[in-house]
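Below you'll find the structure, written out as structure tokens, and then a few comments.
Naming: A, B, ... by sequence-line order, numbering from 1 per chain. Everything quoted here is computed from the prediction, not taken from an experiment.
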Amino acid sequence: MSFRARMMTPLLVVFVAAIGYPLISSFVLSLTNYRITRRDETKFVAFAQYKDVLQDHAYWSALAVTGTFIVFAVALELSIGLMIALALQNQRRFRDFSRSFLLSPMFVTPIAVGLMFRFLLNQQLGAIPAILEKVGITYDFFGPGRAIYSMVIIDVWQWTPFMVLLLLAGLESLSKQPFEAAKVDGASPFYTFRRVTVPMLAPILTVAVLIRSLDASKVFEYVYAITRGGPGTETQTIQYFTYQTGIQFFRLGKASAMSYLLLIMVISLVILLFKRIEKARLAS
Amino acid sequence: MSAVFLNQVEKLYGSVPAVRGIDLEIPDGKFTVLVGPSGCGKTTTLRMIAGLESVTSGSIFIGDKDVTALDPKDRDISMVFQNYALYPHLSVAENIAFPLLARGAKRAEVQGRIEEVATTLSIFQLLNRKPKELSGGQQQRVAIGRAIARSPRVFLFDEPLSNLDAKLRVEMRTELLRLQRELSTTAVYVTHDQEEAMTLSDVMVVMKDGLIRQMGRPEEIYENPIDTFVAEFVGSPRMNLIRGRVEGGVFKSPSGVSVMVPYSAHHEVVLGVRPEDVVLDLDPANGMPGRLEIVELLGPRAIVNIMCGTHRITAVIEISQLTGLHEGREVGINFRVGRTHFFEAESGLRINF
């Protein structure tokens, strides 16, 4: 065995044990009708579970809920994040303090954030509805038609700082000269933003959106801590639905098939996006 | 077109002065070059005219308009930057159109202007390319194109040629001059290269340590440098400066140089003589004796280094006069009559007779 191969062996062993084995094992599971409560009835069903999942209305509805969550959360995080990053870029005093202060929500574990907002926004006990009540507004944050957007707000609260961090680093890495040229050329701040800042920042914006979207697609803790998918199935995201199927209803075979389908969708999207980024990079 | 006036303009970075209260009048329609060693405040001065740097005190006028507190966009200027500062994501055509579109022109209106500019600068075939696909010289042309797309009152150039190779620099220099003559727009140009300053300028402004040392036509400055700094800085190879003492109408240096002076006071002085005003004689007895050290050929002329006592003197001579001269040979050194300069030893200021 060459030196190089030997140096890589520990990593490969860990990789195979920690990622390869569960991946293969869950794929094998997804080809069976495995249920924890009826293990003796387990039999090989090939892709029947996949077919089943694809025909399951609830699966598609969970996907749609997740999609809505991602679109709103990432769009808000991107626009608010960009605004904050632009403001911080021009800040002169207390830079380090305000930056680290702004980033703090990122360091709270998501389940804690979920619990925190569960109490803050709870209609009977929460501080925020109580304050709103005083000014004459009655608003149930987790009521029908609203709960998913409240989840979005929570995600925005926790993850906008991450956007700020990425975009600020991006902004500060841009060459200053085109911006000076734009000033001399008579561009207004808005024109400069639209025609210089955004296009020059585009690669970083794309990566930021990609990272946040992938991360948001995993949303689970807020749902688990607050709504458990309700009201009805309005906040039943794909991760929560898969968790319910596999862990609460013990249908691990079906849950594995769901996970694999999601994996395929996400990977296809990522590959498509990277191809586009690469194409854009070559074009410029 | 407009003249530019700087009144007691000062720039401090924290407590460090970059420009120390200068007065400057940049004449209308002329090519003015600010030149000086790095850190002399020339770029800061240009950037203050552009509005990219604030003015600590004093005022700047373009024409009769006080622009001291105005944004760059309201000063009606264009600028060419040292590193071109092109918009990397825009094509050449879009780069040239940018100042027009930014000021509210419609796309349909600017097409003709883009083509005109591209033709003037011979970059027509590059219009659809991105800056990344261009060579340094081509990028600089685009940057110039962007600057002339509008007809601003003042062009500002911040060392625009310093990133180009020597041959291209000379070519672009000629082209810039041609363009400026054609447009006769007031131009302010910053460079650390005195040769560039000499060739380009109608008016040359020599700066040092945040102050203007001398200002005038380049040949005036070359002929009558106001002090030893300007004398040494302007001209290549640099002026020979020899420290010594005038006694009874004769300048004598400790290194053995002696020259007759139309000047009688007893005085510590610095004698200056341009390399082209040093004349060599094959007979060491005719003039101050010296030993030829190094000969550098420059084509039609040669730079010759001669040791005169302990002093090294540089001379520039025609190649035809090089016959019989070789490294190590003893020669006689003379300075052309009336072509010597004298400066006060203490202050470095010129002594006029």
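For chain B, no part of A:A202 is nearby; none of its heavy atoms comes within less than 4.5 Å. In this structure, the portion of B:R47 lying under 4.5 Å from any heavy atom of chain A is its side chain and not its backbone. Only the side chain of B:L90 comes within less than 4.5 Å of a heavy atom in chain A; its backbone stays farther off. In this structure, no portion of B:D71 lies under 4.5 Å from any heavy atom of chain A.
Remark: A:R276 CZ is loosely packed, at most 12 non-hydrogen atoms of other residues, nucleotides or ligands lying under 6.0 Å away. Residue-environment remark: CZ (A:F94) stays at or below the threshold of 12 foreign heavy atoms within 6.0 Å. A 6.0 Å sphere centred on CZ of A:F101 holds no more than 12 heavy atoms belonging to other residues, nucleotides or ligands. Annotation: A:Y191, atom OH; neighbour count of heavy atoms from other residues, nucleotides and ligands within 6.0 Å is above 12. A:N90 CG: more than 12 foreign heavy atoms inside a 6.0 Å radius.
Among A:S175, A:S188, A:A182, the residue making the largest number of heavy-atom pairs under 4.5 Å with chain B is A:A182.
Checked by atom type and distance alone, the side chain of B:H89 pairs as donor or acceptor with a backbone atom of A:R195 at under 3.5 Å.
When every heavy atom of A:V184 is checked against every heavy atom of B:S78, the shortest pair comes out as CG1-CA, 3.8 Å. Pairing each heavy atom of A:G186 with each of B:K73, the nearest pair is CA-CB, 3.2 Å. Nearest heavy atom pair, residue B:R146 against residue A:D185, reads CD-OD2, 3.4 Å.
Of the listed residues (B:F98, B:Y87, B:F81), just one forms a side chain to side chain contact (heavy atoms under 4.5 Å, CB included) with A:P178, and that residue is B:Y87.
Rounding to the nearest 0.5 Å gives a distance of 10.0 Å between CG of B:L52 and CD of A:Q177.
Taking 4.5 Å as the limit, every side-chain heavy atom of A:E180 sits out of range of all side-chain heavy atoms of B:M79.
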